[in-house]
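Order of the sequence lines fixes the chain letters, A, B, ..., with proteins taken first and strands second; residue numbering starts at 1 for each chain.
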Amino acid sequence: MNKLDRNFYEGKTEAVAQALLGMYLVHHVDARPRIGRIVEVEAYLGPQDLAAHSSKGVTARTRVMFGPAGHAYVYQIYGLHYCMNVVTEGATGTAVLLRALEPVENLPERTQGPALLCKAMQIDRRQNGMDLLSETFYIARPDESPSFTIVRRPRIGVDYAGQWARRLLRFYVRGNPFVSRA
DNA sequence: CTCGGGATGCGT
DNA sequence: CGCATCCCGAGG
């Protein structure tokens with residue numbers, strides 16, 4: 001496994017989103033690595049993207065989105081769930097939401113959906129703002145990855161975002177059983 | 001300060 | 001389709 005470097009995250013958001021498919025998300029909890037293969041993501045393109053939290057500008061909540069690439073933006077939703085994003089580009093308010101994992105090591109079976117992903121990986125507000133170049137929380141390229149086809153679809157749950165809701169910014173691995181809402 | 005609603009998941 | 005459950009961001 002090869003940990004992704006800063007340069008990877010600084011790429012254009014749509015490209016980074018697609019490149020994250022097949023990568024391994026790793027979180028060491030109690031000295032045991034929880035590992036999942038990323039199989040579904042969504043790109044959020046910055047302040048002009050009405051579906052993105054950064055469309056509200058820089059606030060206490062979106063501060064991390066406007067920070068350096070390669071950090072985790074974790075937020076609470078509906079009062080009880082968490083969702084994790086990877087900040088991209090750099091100080092641009094852009095990010096990629098991680099929506100589903102295929103369990104690889106030390107994970108429960110239910111990892112399909114952004115909140116289940118966080119629950120399985122034990123990710124919550126404590127990980128907000130963490131640098132993904134750390135020793136215990138990072139994303140890595142596996143030594144070998146099976147080839148796959150990427151499917152593009154509209155993002156989930158952003159109907160309020162007008163024309164932005166129609167953009168094909170959700171990407172997933174075709175045929176993978178862990179993709180949410182098949 | 002109040003208040004409306006949300007990048008979800010689960011049960012009915 | 002309703003609900004849990006909390007905090008963000010807007011407005012007074």
key: Exam field: side chain A/Trp164 to backbone A/Gln48, donor-acceptor pair closer than 3.5 Å   = yes
message = Tell me whether the rings of A/His53 and A/Tyr73 are parallel (<30°), tilted (30 to 60°) or perpendicular (>60°).
response = perpendicular
key: A/Ser54 (side chain) donor-acceptor with A/Gly57 (main chain) under 3.5 angstrom   = no
query = Atom CZ of A/Arg153 and atom C1' of B/dA7: how far apart are they, to the nearest Å?
reply = 19 Å
request  = Quickly work out the A/Ile77 CD1 to B/dT8 P distance and round it to whole Å.
outcome  = 5 Å
inquiry  = Under the criterion salt bridge (charged side-chain N to carboxylate O under 4.0 Å, His left out), I'd like the reasoning laid out for A/Arg166 against A/Asp159: C-alpha separation, chi angles, the key distance, then a yes or no.
reply    = CA-CA 8 Å; A/Arg166 302 180 189 276; A/Asp159 293 343; over 6 Å; no
Spacing of A/Asn85 atom CG relative to B/dG6 atom P, expressed in whole Å = 17 Å
query = Can A/Glu40 and A/Ser180 be counted as having a side-chain donor-acceptor contact under 3.5 angstrom?
reply = yes
key: Within residues 44-61 of chain A, residues whose heavy atoms come under 4.0 Å of DNA chain C   = A/Lys56, A/Thr59, A/Arg61
ask   = How long is the line joining CD1 of A/Ile156 and P of B/dG9, in whole Å?
value = 10 Å
request  = Walk along DNA chain C from 5' to 3' and tell me the first and last nucleotide with an atom closer than 4.0 Å to a non-hydrogen atom of chain A.
outcome  = C/dA4 to C/dA10
query = Any donor and acceptor pair, going by atom type alone, linking the side chain of A/Thr59 with main-chain N or O of A/Thr62 inside 3.5 Å?
reply = yes
query = Taking atom P of B/dT8 as reference, at what distance in whole Å does atom CD of A/Glu40 sit?
reply = 10 Å
request  = Apply side chain to side chain contact (heavy atoms under 4.5 Å, CB included) to A/His81 and list each qualifying residue two or more places apart in sequence or on a separate chain.
outcome  = A/Ile77, A/Ala115
key: Nucleotide B/dT8, atom P - distance to NZ of A/Lys119 in whole Å   = 17 Å
request  = Provide, to the nearest angstrom, the distance between the CG atom belonging to A/Leu117 and the C1' atom belonging to B/dA7.
outcome  = 13 Å
key: Touch class at under 4.0 angstrom, heavy-atom based, for A/Glu42 against every strand present   = nothing
note = Taking pairs as Watson-Crick (N1-N3 plus N6-O4 or O6-N4) or G-U wobble (N1-O2 and O6-N3), each distance under 3.5 Å, the stems of three or more consecutive pairs with DNA chain C are B:1-6 with C:6-11, B:8-11 with C:1-4
task = Using atom CG of A/Leu98 as one end and atom P of B/dA7 as the other, report the distance to the nearest whole Å.
result = 16 Å
request  = Only counting residues at least two apart or in another chain, list the ones meeting side chain to side chain contact (heavy atoms under 4.5 Å, CB included) with A/Arg32.
outcome  = A/Asn106
message = Could you tell me if the side chain of A/Arg155 sits less than 4.5 Å from the side chain of A/Asp49, heavy atoms only?
response = yes
query = Distance check: side-chain N/O of A/Tyr75 vs OP1/OP2 of B/dG6, anything under 4.0 Å?
reply = no
key: Residue list, side chain to side chain contact (heavy atoms under 4.5 Å, CB included) with A/Lys119, at least two apart or on another chain   = none
remark   = When A/Arg125 and A/His81 are each assigned the nearest nucleotide of DNA chain C, the 5'-most assignment goes to A/His81
task = Just do the side-chain hydrogen bond (donor to acceptor under 3.5 Å, both in side chains) check on A/Glu89 and A/Thr13 with the steps written out, would you?
result = CA-CA 7 Å; A/Glu89 302 185 33; A/Thr13 303; 2.5 Å; yes
